[in-house]
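Presented below is the structure to which this report refers.
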Amino acid sequence: MAEPTNSEIAAALDELGDLHELDGAIVHRIVAYRNAAKAVREAPVSVTGMARQGRATELAGIGATIQEKVLALADEGAIPAAVRLRAKFPAGLLEITRLPGLGPKRARRLYEELSIDSLAALQTAAAAQRIRALKGFGPRAEESLLAAANAAIAARCVAADGQDGRDGGPGRMVLGRALAIGEQLVAALLAHPASERVQLAGSARRMTDSVKDLDVIATAHEPLALARAAAELDLVESAQTPGEAGVRLRTHTGLRVDMRIVAPDQFGNLMQHFTGSKEHNVALREASVRKGLHVSEYGVKDDATGETYRCAREEEVYALLGLDYIEPELRENRGELTAAAAHALPSLVSTSDLRGDLHCHTTTSDGTASIQEMAIAAREAGYEYLAITDHSASFGFGDEVSSDELRAQIDRIHALSGTDAVAGMRLLAGSEVNILPDGSLDYADEILAELDWVVASVHSSFQMPAEAMTARITAAIANPLVDVIGHLSGRKIERRPPYALHFPAIVEAAVAHGTMLEINASPDRRDLNELHARAAAAAGVGIVINCDAHRTGGFEVARYGVATARRAWLGPDAILNTRPWVQLRARRPRHR
DNA sequence: GCCGTTTTCGGCCCGACTGTTTTCAGTCG
């Protein structure tokens, strides 16, 4: 049997947490399993491998007990405790527990007292009004449980039809779309005379891949007037009753917005609280309690003085706790608190550090603009150099570029490079070459050798097993004419999962051959993801951030690639296209 | 079940909301 992957171990630990929750274990034990699952899911190396060396306990949240359970999963195919608990509770019970408003305690009582062990059984019991007779339940609870059960069953039918239920869960919006709405909202509110400060908080501020909703924090000299104005904005579909403390909105795109208005001297506290993440805040508060400080959205209470300190600025919150300011992108409880206490936080890359872009398309393949137009757009976006990397000979969408066409394209690019026609922009003749299923590329080495820049990407046969896909990509990495692998995992956020791949083997090959890995900045991709980018850079792989622009406006997405790099803890040194082209050129694998 | 500037036991974030209850447990973010 193959060794369990990190995501398989994480799923097993999450399940064990769920089962212990049903079994009535104390909440801290359940939280411990959830924390361990997160640690495993985010670990950059094989946790099974670590456990075999007795080193899984080096991961925060994993102790000797869970390490043993990982080994049991690897050696026996199951965790004994999970097998025992699965036999104790019907499978449908977990589904009931996940209904909104119903936790493990009340779900278990429904099971024990009314034998409710499935959504269908819950529907029947609620319809027959048997639930309201239970102590602690009433007609209102019965009503809302019936509605929740109906909704869950309807959602299940929709998912079965393939209309919804994609990975990432229902109702999440890709950050690019959400930020477009959120930034418009913030600008409109800032323009209103009643407002003072207005800022996005929440996961949008942390620049996560996708968001569930938007959090907006404001101060105002007339709070009620601002809340009312928010409810009246064109992009708002419906609003709850505006109040002094804010208003809840729903936009026409279905995105929920929670707008809070706060006193100026608590703006920092509220921003800190609502920026999250939950994991960051929990860890921050636990560490603070040990110093006698209690952090909430209202202030920092000091046990020693009994006083609650309010902070107008977020920086003050962190300073009170003895921490350096932590950039929002780092607030995921991935080591940032320890680093902030030790004054060892990384200095993160920013959009203005990028000097060039190394992946874009023109009308020669599937782009909408000419070489010249793309060059000028890139210059206006602040770049010094741009690689033109149209698709290759077997793209498959009718935009194939034959070897002869590519030669002509190389001449065109070199003729334009550095001229006034492209505002002095340095243009690099490149290609985005397909990695075919057997690992070969769809241009001959002779022509690849003529190119200034070669991106190699997978665009077909996504369903290969992990071993074959890994061999396919490592074969491309081993070709010294390949400079960088484009959008390594092939994922489309909220639409298509990554294909199966052994990431550590990719990193190993990239280190061995000096091949770079791309963070594709398209907000739908952000591929490498932040965890892979962090692990790859730590192993010494050169990272480049590319826009994959298909039109002149396509360079605006650089911020999403930079955000992924920042969430990966990367500074300008780790990102090779922050360097001048002459330095980057010397770093190409063919020069090793 | 994890963990340690209260260190191998005894803790383990904070507050709001809901529905049910006369003071709170459960759930959620």
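Just so we're on the same page: letters track the sequence lines, and every chain starts at 1. Only a predicted model underlies this, so the values are computations on that prediction, with no experimental measurement involved.
Proximity of A/Thr275 to A/Arg331: side-chain heavy atoms (C-beta onward) are separated by under 4.5 Å at one or more points.
Where A/Val289 and A/Leu99 meet DNA chain B, the nucleotide closest to each residue was compared, and A/Val289 sits on the side nearer the 5' end. Checking A/Ile26 against A/Asp213, the closest nucleotide of DNA chain B that is more toward the 5' end is the one next to A/Ile26.
Looking at A/Glu58, its side chain never comes within 3.5 Å of a backbone N or O of A/Ala56 through a donor-acceptor pair.
With B/dT27, B/dC2, B/dC13 as the choices, the nucleotide that has an atom nearest any side-chain atom of A/Pro104 turns out to be B/dT27. Counting only heavy atoms from C-beta on, A/Ala32 has its side chain closest to B/dC2 among B/dC13, B/dC2, B/dG26. Checking B/dC13, B/dG1, B/dG26 against the side-chain heavy atoms of A/Arg106 singles out B/dG26 as nearest. When each of B/dC2, B/dG19, B/dG29 is scored by its nearest atom to the side-chain atoms of A/Ala141, the top-ranked nucleotide is B/dG19.
Comparing the same atom, P, in B/dC12 and in B/dC17 gives a spacing of 25 Å after rounding to whole Å. Taking the C1' atoms as reference points, B/dA16 lies 33 Å from B/dC9, given to the whole Å. Comparing the P positions of B/dT21 and B/dG26 gives an interatomic distance of 13 Å, to the nearest angstrom. Nucleotides B/dC13 and B/dT18, compared at atom P, are 24 Å apart to the nearest Å. Spacing of C1' atoms, B/dG10 relative to B/dT6, comes out at 10 Å, to the nearest Å. Rounded to a whole angstrom, the distance from the P atom of B/dT20 to that of B/dT27 is 14 Å. Rounded to the nearest Å, the gap between the P atom of B/dG1 and that of B/dT5 is 23 Å. Taking atom P in both B/dG11 and B/dT7, one finds a spacing of 13 Å when rounded to whole Å.
Between the CG atom of A/Leu102 and the P atom of B/dA25 there is a distance of 18 Å, given to the nearest Å. We find that CZ of A/Arg290 is positioned 10 Å from C1' of B/dT5, with the value rounded to whole Å. A/His273 places its NE2 atom 10 Å from the P atom of B/dG15, with the value rounded to the nearest Å. Rounded to whole Å, the distance from CZ on A/Arg260 to C1' on B/dA16 is 9 Å. Here B/dC14 presents its C1' atom at 11 Å from CD of A/Glu286, a figure rounded to the nearest Å. To the nearest angstrom, P of B/dA16 lies 14 Å from CG of A/Asp258. In this structure, A/Leu270 places its CG atom 18 Å from P of B/dG29, rounding to the nearest Å. Atoms NZ (A/Lys38) and C1' (B/dC2) sit 15 Å apart, rounded to a whole Å.
A/Val295 comes within contact range of the sugar-phosphate backbone alone, with a heavy-atom separation under 4.0 Å but no base atom that close. Among the protein residues, A/Ala60 comes within range of the sugar-phosphate backbone only, with heavy atoms under 4.0 Å from sugar or phosphate atoms but none that close to a base. A/His294 comes within 4.0 angstrom of sugar-phosphate atoms only, judged by non-hydrogen atoms across all strands, and of no base. Counting non-hydrogen atoms under 4.0 angstrom, A/Ile30 reaches nothing in the nucleic acid. At the heavy-atom level, A/Lys69 lies under 4.0 Å from the strands shown only through sugar-phosphate atoms.
Open room surrounds NZ on A/Lys278; 12 or fewer heavy atoms of other groups in view lie less than 6.0 Å from it.
Under the 4.0 Å criterion applied to side-chain N and carboxylate O atoms, A/Arg34 and A/Glu21 are assigned as salt-bridge partners. Between A/Glu42 and A/Arg567 there is no salt bridge, since none of the side-chain N atoms of the basic residue sits less than 4.0 Å from a carboxylate O of the acidic one.
Proximity of A/Arg285 to the phosphate of B/dC14: no side-chain N or O atom is located under 4.0 Å from OP1 or OP2. For B/dG1, the OP1/OP2 oxygens have a side-chain nitrogen or oxygen of A/Arg29 closer than 4.0 Å. A close approach under 4.0 Å does not occur between any side-chain nitrogen or oxygen of A/Tyr298 and OP1 or OP2 of B/dC13. Not one side-chain nitrogen or oxygen of A/Ser296 sits closer than 4.0 Å to the OP1 or OP2 atom of B/dC13.
Of the listed residues (A/Arg172, A/Arg491, A/Arg525), just one forms a side chain to side chain donor-acceptor pair (under 3.5 Å) with A/Asp209, and that residue is A/Arg491.
In the model, A/Asp324 has a side-chain atom that pairs as donor or acceptor with a side-chain atom of A/His343 under 3.5 Å.
Judged by Watson-Crick or G-U wobble contacts below 3.5 Å, the nucleotide B/dT27 has B/dA16 as its partner.
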